[in-house]
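Computation of the quantities below employed the complete heavy-atom set of this structure, encompassing side-chain atoms and omitting hydrogens, waters and symmetry-equivalent molecules.
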Amino acid sequence: MIEKMIAADKADCVGCYACYSVCPVSAIDMKDDSEGFRYPQVDAEKCIACEACSKVCPSLHPIQSSLNEAPETWAAIGNDEAVREQSSSGGVFQLLAEDVIRKGGIVFGAAFDEVWEVHHTFAETVNDLERLRMSKYLQSRVEDNYKKVKEELQKNREVLFVGAPCQTVGLRNFLKKEYSNLTVVDFICHGVPSPAVWREYLKERVGDLKEIRKISFRDKRISWERYLLSFFLKSDNKPLSAEVGTDIYLKGFLHNLYLRPSCHECNFRCQSRPVDITLADFWGVKDVVPEMYDGKGTSLLFAHSEKGRALIHHLNIKKKQVSFSQGVQYNPSMLYPTQPSLHRTEFFRKFQDRPHDLCKLIESYTKPPLKVRVKNAVKRIPGVCWLVRKMKNRD
């Protein structure tokens with residue numbers, strides 16, 4: 001069933017690893033396709049046709065939330081300024097995670113691996129949480145972490161699992177039952193870009209991966225809104241940085257040039273979700289609730305369960321409740337899939353032929369139309385803006 005579904009439409013597979021995790025004879029492996037995205041591949045000689053894989057697939061068996069009304073929606077800022085500075089937005093994840101660890105629990109989330117790709121792993125101490133903090137604009141490999149979650153739950157440990165919306169549904173389907181000691185958190189997801197594109201970008205941007213000490217997609221040294229993609233190197237105290245509007249990888253990401261096909265048909269962007277809390281940046285907070293804005297990062301929280309509501313009230317945070325419509329006003333990805341770039345197919349065709357020309361390819365497909373470029377160039381000519389204003393005033 002899984003292979004037939006993917007053969008019919010690859011956009012139906014979200015790459016969540018649920019089928020890989022549930023197979024009783026380890027007949028499924030996750031393999032990269034020509035675009036660099038991972039899909040399940042079934043070993044026909046091992047397969048016993050039990051259909052366990054299709055039964056846990058989020059696309060074949062999506063979970064509907066029991067919450068009918070709009071979730072409680074909050075603007076939130078953590079009271080630990082040092083943690084907030086090192087977090088993507090308001091520092092709320094750290095507080096949620098610390099609460100679980102203080103109870104002897106375990107936290108699962110996304111971290112960079114030794115070659116600076118992203119995989120799911122776990123933390124059992126507060127110091128280990130650093131690698132799980134900050135947004136990572138890549139699809140995380142879940143690997144065997146669903147199994148690890150189940151093992152820890154069965155030991156009666158408190159477990160916090162943070163993942164993309166499709167991954168949290170994959171976990172729920174894999175577990176097959178509710179656990180009172182499990183807290184599940186997802187986030188507003190723009191979409192996941194190709195790991196193959198990221199690998200090639202790293203080569204062109206940095207070169208020797210062993211020189212990388214740290215990567216931050218959300219470096220706040222300029223501001224929360226104008227965050228940087230920064231590479232901190234072992235041999236240089238000054239990081240390699242570029243703003244969101246100029247970094248070539250982020251430009252392609254935000255132009256939806258190389259997102260996973262399923263991201264453009266995502267079934268998990270909705271008002272009510274089968275998780276406890278949805279986390280996000282509160283874009284537009286300056287307009288919606290200005291008293292919660294200081295330019296350093298504000299979190300947006302949606303509470304989808306009684307547990308989620310209780311956690312938000314329990315946390316050491318400054319918070320202000322807003323309406324759901326206010327929360328999503330500048331955050332449409334909560335509800336709607338991203339539209340693919342018109343150049344997506346052509347980009348991947350050329351990228352597969354000329355991977356070393358990645359930066360040139362992205363630039364060619366993300367630069368503004370000629371009319372806009374000419375207008376911007378004219379504005380930069382000394383005296384032109386003054387002359388235009390003078391002529392308007394004369395009219």
Side-chain angles (χ1 to χ4, degrees), residues 72-103 105-112 118 121-137 140 158 160-164 183-190 214-230 232 244 275-286 288-303 307-322 327 330-331 334:
E72 276 189 12
T73 307
W74 298 85
I77 294 173
N79 287 324
D80 189 328
E81 283 299 320
V83 167
R84 185 183 175 204
E85 184 179 343
Q86 297 298 318
S87 301
S88 295
S89 50
V92 173
F93 160 75
Q94 178 82 13
L95 299 176
L96 285 167
E98 286 181 3
D99 190 58
V100 169
I101 287 174
R102 276 195 296 267
K103 298 173 183 175
I106 184 170
V107 177
F108 291 82
F112 285 110
V118 178
T121 185
F122 57 87
E124 297 181 276
T125 69
V126 172
N127 288 338
D128 285 341
L129 291 175
E130 181 180 359
R131 58 193 175 135
L132 304 186
R133 283 203 305 261
M134 302 292 282
S135 299
K136 302 169 182 73
Y137 298 152
S140 172
E158 290 287 326
L160 170 63
F161 181 90
V162 182
T183 301
V184 180
V185 173
D186 72 0
F187 47 82
I188 294 181
C189 179
H190 177 80
K214 176 184 174 183
I215 298 176
S216 174
F217 282 95
R218 299 295 302 277
D219 189 344
K220 291 181 177 178
R221 282 177 298 132
I222 295 180
S223 78
W224 170 49
E225 291 95 340
R226 294 173 57 206
Y227 54 85
L228 308 173
L229 171 49
S230 295
F232 298 83
V244 64
V275 298
D276 298 298
I277 294 173
T278 295
L279 274 175
D281 293 272
F282 200 143
W283 302 124
V285 64
K286 187 176 182 179
V288 176
V289 53
E291 63 267 33
M292 293 294 291
Y293 172 81
D294 61 5
K296 298 179 182 179
T298 304
S299 294
L300 176 61
L301 309 180
F302 300 95
K307 177 185 285 187
R309 289 188 285 272
L311 280 170
I312 289 173
H313 288 285
H314 168 72
L315 292 176
N316 180 28
I317 57 175
K318 175 185 176 183
K319 61 183 183 293
K320 175 77 174 180
Q321 188 167 5
V322 298
Y330 296 93
N331 294 276
M334 176 71 178

Arg218 meets the side chain to side chain donor-acceptor pair (under 3.5 Å) criterion, sequence neighbours left out, with Tyr137, Asp281
Ser216 and Phe232 have their tightest heavy-atom pair at CB-CE1, 4.1 Å
Side-chain donor or acceptor of Arg84 paired with backbone N/O of Gly297 under 3.5 Å
yes
Sorted by chain and number, sequence neighbours left out, side-chain contact (heavy atoms from CB on, under 4.5 Å) with Ala75 holds for Phe282, Val289, Met292, Thr298
Note: Val126 and Glu98 closest approach over all heavy atoms is CG1-OE2, 3.8 Å
Those residues at least two apart in sequence (or on a different chain) that pass side chain to side chain donor-acceptor pair (under 3.5 Å) with Glu85 are none
For Ala76 and Val92, the nearest pair of non-hydrogen atoms, with its separation, is CB-CG2, 4.1 Å
Query raised in the report: Within the distance-only criterion (no hydrogens, no angle test), does the side chain of Lys136 pair as donor or acceptor with the backbone N or O of Arg133 below 3.5 angstrom?
Result: yes
In short, Ala123 meets Asp128 closest at the heavy-atom pair CB-CB, 3.6 Å
Those residues at least two apart in sequence (or on a different chain) that pass salt bridge (Lys or Arg N to Asp or Glu O under 4.0 Å) with Asp80 are none
On a heavy-atom basis, the closest approach of Ser299 and Gly90 is OG-N, 2.9 Å
Sequence neighbours excluded, the answer for salt bridge (Lys or Arg N to Asp or Glu O under 4.0 Å) partners of Asp186 is Arg273
Residues at least two apart in sequence or cross-chain that pass side chain to side chain donor-acceptor pair (under 3.5 Å) with Glu158, listed by chain then number, are none
Residues passing the ring-ring contact (aromatic ring centres under 6.0 Å, His included) test with Phe122, sequence neighbours excluded, are Phe108
Applying side-chain contact (heavy atoms from CB on, under 4.5 Å) to Thr73 and not counting sequence neighbours gives Leu300, Phe302, Val322, Phe324
Sorted by chain and number, sequence neighbours left out, side-chain contact (heavy atoms from CB on, under 4.5 Å) with Thr121 holds for Ala111, His119, Arg131, Leu132
Those residues at least two apart in sequence (or on a different chain) that pass ring-ring contact (aromatic ring centres under 6.0 Å, His included) with His313 are Trp74
message = Under a 3.5 Å distance rule, please check whether Asp276 uses its side chain to pair with a backbone N or O of Val185 as donor and acceptor.
response = no
Taken in chain and number order and not counting sequence neighbours, the residues that satisfy side-chain contact (heavy atoms from CB on, under 4.5 Å) with Leu311 are Leu96, Asp99, Thr183, Ile277, Lys307
Residue set satisfying side chain to side chain donor-acceptor pair (under 3.5 Å) with Asp219, at least two apart, ordered chain then number -> Arg221, Ser230
